[in-house]
**Q** 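To start, I am sharing the structure in question, which I have written as structure tokens.
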Amino acid sequence: MQARIIMLVDLDYFFAQIEEKRNPALKDKPVVVCVYSGRTKDSGAVSTANYVARKYGVKSGIPISLAKTKLKDVDAVFLPVDKEYYSKVSEKIMNILRGYADIFEQVSVDEAYLDVSQKTRGSYLDASELAARIKDDVFNQQKLTCSIGVGPNKLVAKIAADYQKPDGLTVVKPEYVLRFLSPLPVRRLVGVGRKTEQRLETLGVKTIAQLARFDIQKLVDVFGRNLAAYFHNASLGIDEDPVEERGEPESLSKISTLKEDTNDITKILPVAYHLCEEVHKKLTQRQLVCRSVSIYVVASDLGMHSRSKTFENPTSDLQLFKDTVKELFEKFLAETDLQARRVGVKVSNLDKKEAMQKQLTSFFGG
DNA sequence: GTATGCTTTCGGC
DNA sequence: TTACGGCCGAAAGCATAC
């Protein structure tokens, strides 16, 4: 058993890059791909922006109106997301990438891990050449650039891919892992978001090197055994998480923004029932059943709240979804004064429909 | 004490 | 000055079972 070589391939500013390719006139302008909520003309958020727009501080997640303010003096282009089209492009690219991997794991619409240990016979020279070839192949077939990180595990591959982009290629051999990670801010580690970053900073830990040297017992006291162990290992570039082909999703959900904020259940339920129908459609298309149903509410202050219910047995019964969603909203509204801005429905605890049938068959037939 | 399951929140893209 | 989507998986926090 030889050491692993793992790649992370990340498509650059994916949605906006696809729009640039679709319409080359956009090429040198700020391009902002938006999710319009439909509430008012410009309500909604930025999904992705190209690098020209990013120079003006426009990035993923900011309000569209704020993006417009930042770009008011330039000839910027605002486009609505065309998710269906991006998904088709994604599928083609993922199929290219899959062909280069011993084991392939798609993480999101624009990101995938490739375990190339066998293919490269553990050689980083081979891995570098392979990564360059993958970039060429994706560009020649789809005219899109990507950034690739190569390293001994997912953790290092991911940080390496982020290190140089767009159109980057960063290879970190095992003997360089510590030197590579040490100066980087802890924020770069998966699992360290804004909140954890703050907590670490109060402990005097800003860089990965400082995290590596930090007393492990103190880390346990603050974050608990599991998270402390993860942080400690991560700071040393240790990560055994395998690259694994992903099967069916673990949850399916739909969310939508209400015309106006409300806590009136008669205004919420028609929307929620529609979301039930959409989620039910997704579920049955994939021939899945679920055991849990959740509602979630984004309140006026943008705080996220949710409630869920788990059944005894898996189901795909639309009426049961609607009744459960009604019950959950009634309960939620009774115990809070919040006004809902957006409402969502989620099913989780998913299973293949036939798996259930098999169980039943073997039970009755067996 | 550890494992397991459920609910809720967090955070990345 | 403010402004604010739609997904997904991971993790936290809690309860219960062994």
Side-chain angles (χ1 to χ4, degrees), chain A residues 8 10-16 32-49 57-72 80-81 83 86-87 90 105-112 158 161-162 165 187-199 222-231 241 244 246-258 261 275 278-279 282 291-312 328 331-332 335-336 341-350:
Chain A
L8 178 68
D10 183 356
L11 281 310
D12 298 319
Y13 61 104
F14 189 46
F15 298 171
V32 187
V33 179
C34 304
V35 183
Y36 291 97
S37 72
R39 170 177 276 216
T40 62
K41 181 171 160 289
D42 283 335
S43 79
V46 171
S47 181
T48 327
V58 172
K59 55 182 179 178
S60 213
I62 72 169
I64 295 166
S65 39
L66 177 57
K68 292 210 164 171
T69 304
K70 288 178 183 288
L71 292 169
K72 64 181 181 328
V81 282
K83 233 190 126 189
Y86 309 150
S87 298
S90 169
E105 177 177 352
Q106 183 175 346
V107 188
S108 70
V109 70
D110 66 349
E111 238 181 273
K158 168 81 179 161
D162 280 340
K165 57 174 30 175
R187 186 63 197 264
R188 304 295 278 275
L189 297 172
V190 180
V192 179
R194 216 184 58 239
K195 264 183 92 169
T196 308
E197 182 185 33
Q198 293 280 313
R199 290 169 72 190
V222 179
F223 293 101
R225 195 172 53 85
N226 277 330
L227 206 52
Y230 168 74
F231 285 155
D241 187 30
E244 280 177 314
R246 295 203 185 179
E248 294 293 341
E250 292 180 15
S251 67
L252 298 169
S253 63
K254 283 289 281 186
I255 183 168
S256 88
T257 303
L258 301 170
D261 296 6
L275 295 172
E278 300 278 309
V279 168
K282 290 200 212 183
R291 216 156 69 75
S292 302
V293 171
S294 316
I295 60 157
Y296 44 114
V297 170
V298 176
S300 307
D301 63 359
L302 302 182
M304 168 79 91
H305 306 268
S306 68
R307 293 292 183 271
S308 67
K309 179 171 175 172
T310 298
F311 308 123
E312 196 69 30
L328 290 169
K331 210 189 307 173
F332 176 79
E335 64 194 39
T336 170
R341 178 185 176 89
R342 300 156 65 197
V343 297
V345 170
K346 175 175 93 166
V347 293
S348 54
N349 245 313
L350 307 181

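Here is how names work: the chains are called A, B, and so on, in the same order as the sequence lines, proteins then strands, and each is numbered from 1.
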**Q** What's the closest nucleotide to the A:S306 side chain, out of B:dT9, C:dC4, B:dG12?
**A**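 The closest nucleotide is B:dT9.
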
**Q** Does A:S108 put a side-chain nitrogen or oxygen below 4.0 Å from OP1 or OP2 of C:dC8?
**A**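 No, no such contact exists.
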
**Q** Remember a base hit wins even if backbone is also touched, and classify A:R39 as base, sugar-phosphate or nothing at under 4.0 Å, heavy atoms.
**A**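 The answer is nothing, as A:R39 stays clear of every strand by at least 4.0 Å.
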
**Q** Please tell me whether A:S292 and A:S308 have a donor and an acceptor in their side chains that are separated by less than 3.5 angstrom.
**A**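 The answer is no; no qualifying pair exists.
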
**Q** Is any side-chain N or O of A:K68 closer than 4.0 Å to OP1 or OP2 of C:dA3?
**A**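 A:K68 to C:dA3 OP1/OP2: no side-chain N or O under 4.0 Å.
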
**Q** Quick check on C:dC4: is either OP1 or OP2 less than 4.0 Å from any side-chain nitrogen or oxygen of A:S65?
**A**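 Answer no for this pair, as no side-chain N or O of A:S65 is under 4.0 Å from OP1 or OP2.
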
**Q** Could you check which of C:dA3, C:dG9, C:dG5 has an atom nearest any side-chain atom of A:E250?
**A**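 The listed nucleotide nearest to A:E250's side chain is C:dG9.
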
**Q** Touch check for A:D110, heavy atoms < 4.0 angstrom, all strands: base, sugar-phosphate only, or nothing?
**A**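 Sugar-phosphate: the residue A:D110, judged by heavy atoms under 4.0 Å, touches backbone atoms but no base.
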
**Q** Anything under 3.5 Å between a protein N or O and an N or O of nucleotides 11-17 of chain C, put it in a table, one pair a line.
**A**
none

**Q** B:dC6, OP1 or OP2 - any side-chain N/O from A:R291 closer than 4.0 Å?
**A**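 It does, given that an N or O in the side chain of A:R291 lies less than 4.0 Å from OP1 or OP2 of B:dC6.
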
**Q** With sequence neighbours left out, which residue pairs that include part of residues 61-70 of chain A fulfil the side-chain hydrogen bond (donor to acceptor under 3.5 Å, both in side chains) condition?
**A**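 Listed by first then second residue: A:D42-A:K68.
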
**Q** Mind checking what makes side-chain contact (heavy atoms from CB on, under 4.5 Å) contact with A:L275, not counting sequence neighbours?
**A**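 side-chain contact (heavy atoms from CB on, under 4.5 Å) check on A:L275 returns A:K254, A:S256, A:V271, A:V343, A:V345.
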
**Q** Does A:S43 put a side-chain nitrogen or oxygen below 4.0 Å from OP1 or OP2 of C:dC4?
**A**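 Answer is no, no contact under 4.0 Å.
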
**Q** Please tell me which of the listed nucleotides, B:dT9, B:dC13, C:dG5, lies nearest to the side chain of A:S37?
**A**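 Looking only at heavy atoms from C-beta outward on A:S37, the closest nucleotide is C:dG5.
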
**Q** Which of the following nucleotides, B:dG12, C:dG9, C:dA3, is nearest to the side chain of A:P249?
**A**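 Closest nucleotide to the A:P249 side chain: C:dG9.
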
**Q** Among residues at least two apart in sequence or on other chains, which ones pass ring-ring contact (aromatic ring centres under 6.0 Å, His included) with A:Y86?
**A**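 Once residues adjacent in sequence are excluded, the partners of A:Y86 under the ring-ring contact (aromatic ring centres under 6.0 Å, His included) criterion are A:F15.
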
**Q** Starting at atom CD1 of A:I295, determine the distance to atom C1' of C:dC7, rounded to an integer number of angstrom.
**A**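 So the two atoms are 18 Å apart, to the nearest Å.
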
**Q** Kindly indicate whether the side chain of A:T69 and the base of C:dA3 share any N or O donor-acceptor pair separated by less than 3.5 Å?
**A**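 Result: at least one qualifying N/O pair found.
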
**Q** Taking only the side-chain nitrogens and oxygens of A:T48, find out if one of them lies under 4.0 Å from OP1 or OP2 of B:dC13.
**A**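 The answer is no; no side-chain N or O of A:T48 sits under 4.0 Å from OP1 or OP2.
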
**Q** A:K83 near the nucleic acid: base, sugar-phosphate alone, or nothing, with a heavy-atom cut-off under 4.0 Å?
**A**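 Since no nucleic acid heavy atom lies under 4.0 Å of A:K83, the category is nothing.
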
**Q** Figure out the NZ/P separation between A:K41 and C:dC4, and round it to whole Å.
**A**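 Nearest whole value for this atom pair: 13 Å.
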
**Q** Whole Å only: how far is the NE2 atom of A:H305 from the P atom of B:dT9?
**A**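 Atom-to-atom, A:H305 to B:dT9, this comes out as 7 Å.
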
**Q** Out of B:dT7, C:dG6, C:dC8, which has the shortest distance to the side chain of A:S292?
**A**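 Looking only at side-chain atoms, A:S292 lies closest to B:dT7.
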
**Q** Holding to side-chain contact (heavy atoms from CB on, under 4.5 Å), I want the full list of residues that pass it with A:A67, two or more places apart in sequence or in another chain.
**A**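 Residues passing side-chain contact (heavy atoms from CB on, under 4.5 Å) with A:A67: A:V46, A:V58, A:I62, A:F78.
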
**Q** For A:Y13, which residues count as a ring-ring contact (aromatic ring centres under 6.0 Å, His included) partner, sequence neighbours excluded?
**A**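 Expected list: A:Y51.
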
**Q** Which nucleotide sits closest to the side chain of A:K282: B:dG12, B:dT9, C:dC8?
**A**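 Comparing B:dG12, B:dT9, C:dC8 against the side chain of A:K282, the answer is C:dC8.
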
**Q** Assuming nearest nucleotide by heavy-atom distance, tell me which of A:S47 and A:S253 is located more 5' along DNA chain C.
**A**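 Upstream on the strand: A:S47.
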
**Q** Over how many whole Å does the gap from A:R307 atom CZ to B:dT9 atom C1' extend?
**A**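 For the pair A:R307 CZ and B:dT9 C1', the rounded distance is 11 Å.
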
**Q** Roughly how many Å is it from CG in A:L11 to P in B:dC13, rounded to a whole number?
**A**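 Nearest whole value for this atom pair: 13 Å.
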
**Q** Below the 4.0 Å mark, does B:dT7 have OP1 or OP2 next to a side-chain nitrogen or oxygen of A:T310?
**A**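 Result: yes.
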
**Q** Choose from B:dT8, C:dC4, B:dT9 the nucleotide whose nearest atom is closest to any side-chain atom of A:P63.
**A**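 Within the option list, the nearest is C:dC4.
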
**Q** Are any non-hydrogen side-chain atoms of A:S306 and A:K346 less than 4.5 angstrom apart?
**A**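 When only atoms from C-beta onward are counted, A:K346 and A:S306 do not touch, as no gap falls below 4.5 Å.
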
**Q** Which part of the nucleic acid, if any, lies within reach of A:I62 when heavy atoms closer than 4.0 Å are counted: base, sugar-phosphate only, or nothing?
**A**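 Answer is nothing: A:I62 stays at 4.0 Å or more from every strand.
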
**Q** Show the nearest heavy-atom pair for residues A:T257 and A:S37, with the distance to one decimal.
**A**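 It is OG1-CB, 3.7 Å.
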
**Q** A:R341 has a side chain; which of C:dA3, C:dG5, C:dG9 sits nearest to it?
**A**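 Ranking C:dA3, C:dG5, C:dG9 by closest atom to the A:R341 side chain puts C:dG5 first.
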
**Q** Taking DNA chain C as the partner, which of residues 342-350 of chain A come within under 4.0 angstrom of it by heavy atom?
**A**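 Only A:R342 qualify.
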
**Q** Estimate the overall bend of the helix from B:dG1-C:dC18 to B:dC13-C:dG6 from the end axes over five pairs each, rounded to 10 degrees.
**A**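 For the helix from B:dG1-C:dC18 to B:dC13-C:dG6, the axes at opposite ends meet at about 20°.
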
**Q** According to salt bridge (charged side-chain N to carboxylate O under 4.0 Å, His left out), who are the partners of A:K282, at least two apart in sequence or on a separate chain?
**A**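 So A:K282 forms no salt bridge (charged side-chain N to carboxylate O under 4.0 Å, His left out) with any residue.
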
**Q** For residues A:V279 and A:V293, determine if any side-chain heavy atom of one lies less than 4.5 Å from a side-chain heavy atom of the other.
**A**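 No; the side chains remain at least 4.5 Å from each other.
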
**Q** With A:R307, which residues qualify under side-chain contact (heavy atoms from CB on, under 4.5 Å), at least two apart?
**A**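 With neighbours one apart ignored, the set is A:I295, A:L328, A:F332, A:E335.
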
**Q** Using only atom types and a distance under 3.5 Å, with no angle test, would you say the side chain of A:T48 pairs donor to acceptor with the backbone of A:A16?
**A**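 Checking the backbone N and O of A:A16 against the side chain of A:T48, no donor-acceptor pair under 3.5 Å is found.
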
**Q** Calculate the interatomic distance between A:D42 atom CG and C:dG5 atom P; express it in whole Å.
**A**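 About 12 Å, once rounded to whole Å.
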
**Q** Please enumerate all residues that pass salt bridge (charged side-chain N to carboxylate O under 4.0 Å, His left out) together with A:R246, with sequence neighbours excluded.
**A**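 A:R246 satisfies salt bridge (charged side-chain N to carboxylate O under 4.0 Å, His left out) with A:E105 only.
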
**Q** Sequence neighbours excluded, which residues qualify as side-chain contact (heavy atoms from CB on, under 4.5 Å) partners of A:P80?
**A**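 Counting only residues at least two positions away or on another chain, A:P80 forms a side-chain contact (heavy atoms from CB on, under 4.5 Å) with A:Y36.
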
**Q** Figure out the CD/C1' separation between A:Q106 and C:dG9, and round it to whole Å.
**A**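 A:Q106 atom CD is separated from C:dG9 atom C1' by 14 Å.
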
**Q** Is there a side-chain contact between A:K59 and the phosphate of B:dG12, meaning an N or O under 4.0 Å from OP1 or OP2?
**A**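 For B:dG12, neither OP1 nor OP2 has a side-chain N or O of A:K59 closer than 4.0 Å.
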
**Q** To the nearest angstrom, how far is A:F311 atom CZ from B:dG5 atom C1'?
**A**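 After rounding, the reported distance stands at 16 Å.
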
**Q** Between C:dC8, C:dC7, C:dG5, which nucleotide has the shortest distance from any of its atoms to the side chain of A:A45?
**A**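 Nearest nucleotide to the side chain: C:dG5.
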
